[in-house]
Amino acid sequence: MRKTAAKLLVAAALATSLATVVSGTAVADPAAGVTPAAQDLVGVGSDTIQSVLNQFSTDYNASLAAKGDTTSPRLYSYDATGSSPITTKTGATSIPRPNGSGAGIKALVANTSATVDFARSSRGPAATDAHGLDFVALAKDAVTWSAQKTGNAPAQLTPAQLNGIYTCSITNWQQIDPSLANATIKPYLPQTDSGTRAFFLSAIGVATPNTNCVVSGPEENEGTDPALQDPNVVFPYSVAHYLGQTVGNHGTTADAPGTLTLRNAVVNGVTLTPVTNNLIDTTFSNSQFGRVVYNVFRDAEWTATDAHGTAIQNVFGTGGWICNDPTAAADLASYGFLATPACGTATLT
């Protein structure tokens with residue numbers, strides 16, 4: 001089993017590319033010296049989809065410029081991490097930088113379009129969310145667990161075993177298989193506002209992780225944090241983000257898997273592999289580990305027919321740029337996501 005683990009999905013990191021993004025390199029936050037105008041569309045929140053939203057910003061704004069359009073609102077997105085506070089628009093009140101889906105949604109609720117227009121979310125609506133929010137589908141993703149390439153973890157775990165690890169009823173690898181190392185498992189989770197954290201725990205049936213053995217804190221979807229270098233680490237990971245970092249060549253010094261590799265899940269006796277042919281495996285994405293990622297709007301603005309509402313629909317709606325433009329489709333693929341026929345449809349809280 002250990003030998004199998006060493007042959008996992010690292011091949012994805014050796015592939016050439018999912019797709020070629022040719023319209024310009026995405027940047028974190030608006031480019032230096034650029035402060036979005038009051039009418040521009042500005043988003044904050046999820047780490048998982050920040051990179052593809054940055055690319056959308058670059059390419060959508062370039063498409064307007066190519067048409068000679070100097071008046072339509074531009075699209076901008078602020079990363080989950082970086083300097084804080086941030087002044088998102090000209091004339092806006094500075095706010096703490098929202099890190100994660102939950103923090104982005106809270107910032108959306110606490111502010112108006114003078115500051116924040118949408119929140120990036122890698123989880124769907126939750127019972128704790130405010131009413132009057134529209135979760136607008138963007139793409140398909142999946143979440144699996146990761147571990148060190150040369151560590152002690154096996155190639156696959158069941159949801160029940162993952163549940164045991166995150167509730168601390170399974171604390172040693174030999175409880176899973178006597179042939180594994182006699183070593184203490186070290187389960188980690190991203191920070192508490194992470195949508196990937198919330199989705200993963202739901203997928204394995206854990207309402208509240210047991211802090212007697214579970215450590216929270218690392219930024220999601222990366223393996224560069226020193227705490228994650230341990231051979232016994234278990235850490236949830238977005239499959240799309242991993243593919244964007246590796247196959248899509250969009251990783252950076254801090255936004256990279258390092259030596260973490262994606263692992264399989266055994267569901268109802270069937271081993272499911274997260275990646276097939278450098279894409280999210282469709283069987284995996286249709287299991288309990290598959291998810292839709294969203295952009296979230298205040299319903300009054302999502303349904304508005306004024307200039308602001310029209311601008312939102314022109315970018316995010318079913319007839320908008322993201323759901324229909326070939327460049328946007330190439331961006332999604334390059335960052336590892338799967339297209340969804342639900343793109344642009346909204347779920348109201």
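The shortest side-chain heavy-atom distance between Ile176 and Ile170 falls under the 4.5 Å cut-off.
By the 6.0 Å contact criterion, CG on Asp306 is enclosed, its count of non-hydrogen atoms from other residues, nucleotides or ligands being greater than 12. No more than 12 heavy atoms of other residues, nucleotides or ligands shown are found within 6.0 angstrom of NZ on Lys186.
Remark: the backbone N or O of Ala107 is paired with a side-chain donor or acceptor of Asn111 at under 3.5 angstrom. Panel note: side chain Thr224, backbone Ala256; no donor-acceptor pair is recorded below 3.5 Å. For the pair Lys89 (side chain) and Ser113 (backbone), a donor-acceptor distance under 3.5 Å is present. Proximity of a side-chain donor or acceptor of Arg197 to a complementary backbone N or O of Pro236 within less than 3.5 Å is not detected.
Classified by interplanar angle (parallel below 30°, tilted 30° to 60°, perpendicular above 60°), the ring pair Phe284/Phe289 is parallel.
Between the side chains of Gln245 and Asp255, a donor-acceptor pair is found at a separation under 3.5 Å. No side-chain donor from either of Ser72 and Arg74 sits under 3.5 Å from a side-chain acceptor of the other. Counted by atom type alone, Thr81 and Asp79 present zero donor-acceptor pairs between their side chains at under 3.5 Å. A donor-acceptor pair shorter than 3.5 Å cannot be found between the side chains of Asp29 and Asn54. Thr271 and Asn264 share no donor-acceptor pair across their side chains, judged by distance under 3.5 Å alone. With hydrogens and angles left out, the side-chain atoms of Glu220 and Thr48 include a donor and acceptor closer than 3.5 Å.
Note that Arg123 lies outside the cation-pi zone of Phe199, set by a 6.0 Å cut-off to the ring centre and a 45° limit from the axis.
No close placement of the Phe316 and Trp321 rings is indicated, their centers lying 6.0 Å or farther apart. Here the two rings, on Tyr237 and Tyr242, have centers that are under 6.0 Å apart.
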Given side-chain contact (heavy atoms from CB on, under 4.5 Å), test Phe337 with Asp331 step by step and report yes or no.
CA-CA 9 Å; Phe337 295 93; Asp331 290 346; over 6 Å; no

Assess whether salt bridge (charged side-chain N to carboxylate O under 4.0 Å, His left out) is satisfied between Asp193 and Lys106, documenting all intermediate values.
CA-CA 10 Å; Asp193 274 320; Lys106 291 170 189 173; 3.3 Å; yes

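Val315 and Ile49 end up in the same hydrophobic cluster when Ile, Leu, Val, Met, Phe, Trp and Tyr side chains are linked at under 4.5 Å.
Identified under the disulfide (SG to SG under 2.5 Å) test for residues 255-348, with sequence neighbours left out: Cys323-Cys343.
The side chain to side chain contact (heavy atoms under 4.5 Å, CB included) test with Lys140 is passed by exactly one of Ile280, Asn286, Thr282: Asn286.
One finds no salt bridge joining Arg298 and Asp134 here, because no Lys/Arg side-chain nitrogen approaches an Asp/Glu carboxylate oxygen to under 4.0 Å.
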